[in-house]
Novice: 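Attaching a single structure in structure tokens format; questions to follow.
Just the heavy atoms: all of them, side chains too, but no hydrogens, waters or symmetry mates, feed the values below. Note that this is a predicted model, so its numbers are computed, not measured.
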Amino acid sequence: MPKMIVSIDGVVIKEVQLTKDRTSLGRRPYNDIVIDNLAVSGEHAVLQMSGNEVYLEDLNSTNGTYVNGKAVKKRLLQNSDLVEIGKYKIKYVNEAAGPDYEKTMVIKPASAALAALAIAGATGAAGAPAAAPATAEPAGGGLQGAIKVMSGAAAGREVALVKVVTTIGKPGVAVAAITKRPQGFVVAHVEGAGKPTLNGVPIGAEPVGLKNGDMLELAGTRMQFVQH
């Protein structure tokens, strides 16, 4: 079960198990995680849990919310991420999900090197995706899906969705997460001002089911979801 470990100056002051769909964090006593410090806003941030995924969202706090040293508005947390609020450090622990999480596939600006949807751990020296080993067992059983780039210099490139969670997009512009679930694949908007679209309809933070042939558009790049 995911949990948050709150510390200050290296001293752990509390551990909170995330058991609810929505866990609030702030200075006011009615929050689920209370941090009584003036650097913390009354309602500072919220943690939203969907299945085994936890999203952190800043609630327009005065001093901001940081993850691994970077200011965030909304972010899908990964095991061992360090959330910083004022002088407080909050470590996110979700060991059950950790190994399955995929690092962000970066869609570079349209150019000869839109080279790709680079996948960590499955990239060649030039950053182009390498074929996954034939013996690799996809996480989540027999479901197999892929994202095929439909526009730009990398049109025609297909990248297999081999992990439980794969994030795609351009950090700071638009990032979405594709999650493999027992019943199929879903996509949700994670961060960035530009919302991705699914078949022309904007995607929000709530996961939306994907069907074979669905068209995604993200950070100016069109992609097609393919389920084998």
Side-chain angles (χ1 to χ4, degrees), residues 1-108 118 120 165-177 179 188-196 203-207 218-219:
M1 184 176 295
K3 63 181 178 180
M4 309 299 289
I5 302 174
V6 185
S7 64
I8 184 169
D9 296 329
V11 179
V12 174
I13 57 175
K14 68 177 74 175
E15 289 191 15
V16 181
Q17 298 280 352
L18 300 180
T19 58
K20 304 194 302 182
D21 290 342
R22 186 181 190 277
T23 300
S24 60
L25 187 156
R27 192 175 73 251
R28 302 295 184 196
Y30 51 75
N31 286 285
D32 298 299
I33 302 176
V34 178
I35 301 180
D36 189 10
N37 185 280
L38 291 178
V40 181
S41 295
E43 297 176 3
H44 197 103
V46 65
L47 296 152
Q48 295 178 326
M49 187 160 61
S50 175
N52 205 34
E53 306 157 27
V54 176
Y55 292 87
L56 170 70
E57 183 175 1
D58 182 83
L59 298 176
N60 296 317
S61 62
T62 302
N63 294 314
T65 301
Y66 295 78
V67 176
N68 302 329
K70 295 183 179 180
V72 299
K73 281 298 181 185
K74 187 166 187 178
R75 180 185 174 108
L76 173 64
L77 292 177
Q78 299 189 24
N79 186 41
S80 296
D81 272 352
L82 192 64
V83 180
E84 296 175 73
I85 297 177
K87 293 183 178 180
Y88 289 81
K89 297 184 186 300
I90 308 170
K91 185 176 181 180
Y92 172 69
V93 179
N94 190 5
E95 294 171 350
D100 289 324
Y101 276 66
E102 184 59 271
K103 293 186 178 179
T104 302
M105 296 193 299
V106 178
I107 301 175
K108 297 179 181 179
V165 176
T166 302
T167 51
I168 60 174
K170 186 178 179 184
V173 178
V175 176
T179 305
H189 180 224
V190 177
E191 64 174 305
K195 283 194 175 183
I203 301 170
E206 289 298 315
L218 182 65

Novice: Any idea which heavy atoms bring Leu18 and Met49 closest together, and the distance?
Specialist: O-CE, 3.2 Å
Novice: Would you say the side-chain atoms of Asp81 pair up with the backbone N or O of Val67, donor to acceptor, closer than 3.5 Å?
Specialist: no
Novice: In the structure I gave you, are the side-chain heavy atoms of Lys20 and Asp32 within less than 4.5 Å of one another anywhere?
Specialist: yes
Novice: Write down the atom of Pro2, the atom of Gln17, and the distance for their closest heavy-atom approach.
Specialist: O-OE1, 3.6 Å
Novice: Taking the side chain as C-beta and beyond, is there a heavy-atom pair between Asn68 and Arg75 under 4.5 Å?
Specialist: yes
Novice: Would you list the pairs meeting side-chain hydrogen bond (donor to acceptor under 3.5 Å, both in side chains) in which at least one residue belongs to residues 2-15, sequence neighbours left out?
Specialist: Lys3-Glu15
Novice: Find the distance between CG (Leu77) and CE (Met4) and round it off to the nearest 0.5 Å.
Specialist: 6.0 Å
Novice: What is the distance from atom CG of Leu47 to atom CD1 of Ile90, rounded to the nearest 0.5 Å?
Specialist: 8.0 Å
Novice: Run the side-chain contact (heavy atoms from CB on, under 4.5 Å) check on Asn31 and Leu25 step by step: do they pass?
Specialist: CA-CA 5 Å; Asn31 286 285; Leu25 187 156; 5.6 Å; no
Novice: Once rounded to the nearest 0.5 Å, what's the spacing between atom CD of Glu43 and atom CG of Asp58?
Specialist: 12.0 Å
Novice: Can you list everything that forms a side chain to side chain contact (heavy atoms under 4.5 Å, CB included) with Ala45? Sequence neighbours excluded, please.
Specialist: Leu56, Thr65
Novice: Could you give the distance from NE2 (His44) to CG (Asn63), rounded to the nearest 0.5 Å?
Specialist: 7.0 Å
Novice: Could you tell me whether Lys73 atom NZ has more than 12 heavy atoms of other residues or ligands within 6.0 Å of it?
Specialist: yes
Novice: How long is the gap from OG1 on Thr179 to CG on Leu76, to the nearest 0.5 Å?
Specialist: 7.0 Å
Novice: Could you report the tightest heavy-atom contact between His189 and Pro196, atom names first, then the distance?
Specialist: CD2-CD, 3.3 Å
Novice: Specify the closest pair of heavy atoms between Gln78 and Tyr92, including all atoms of both residues, with the distance to one decimal.
Specialist: O-CD2, 3.2 Å
Novice: side-chain contact (heavy atoms from CB on, under 4.5 Å) between Lys74 and Gln48: does it pass, once the steps are laid out?
Specialist: CA-CA 10 Å; Lys74 187 166 187 178; Gln48 295 178 326; 3.7 Å; yes
Novice: Check the pair Arg27, Asp36 against side-chain contact (heavy atoms from CB on, under 4.5 Å), reporting the backbone distance first and the verdict last.
Specialist: CA-CA 5 Å; Arg27 192 175 73 251; Asp36 189 10; 3.8 Å; yes
Novice: Heavy atoms only: give me the nearest Val34-Arg28 pair and the separation to one decimal.
Specialist: CG2-O, 3.6 Å
Novice: Using modelled atom types only, decide if a donor and an acceptor are shared between the side chain of Thr62 and the backbone of Ser41 within a distance under 3.5 Å.
Specialist: no
Novice: What's the shortest heavy-atom distance between Tyr30 and Ser24, and which atoms?
Specialist: O-OG, 4.4 Å
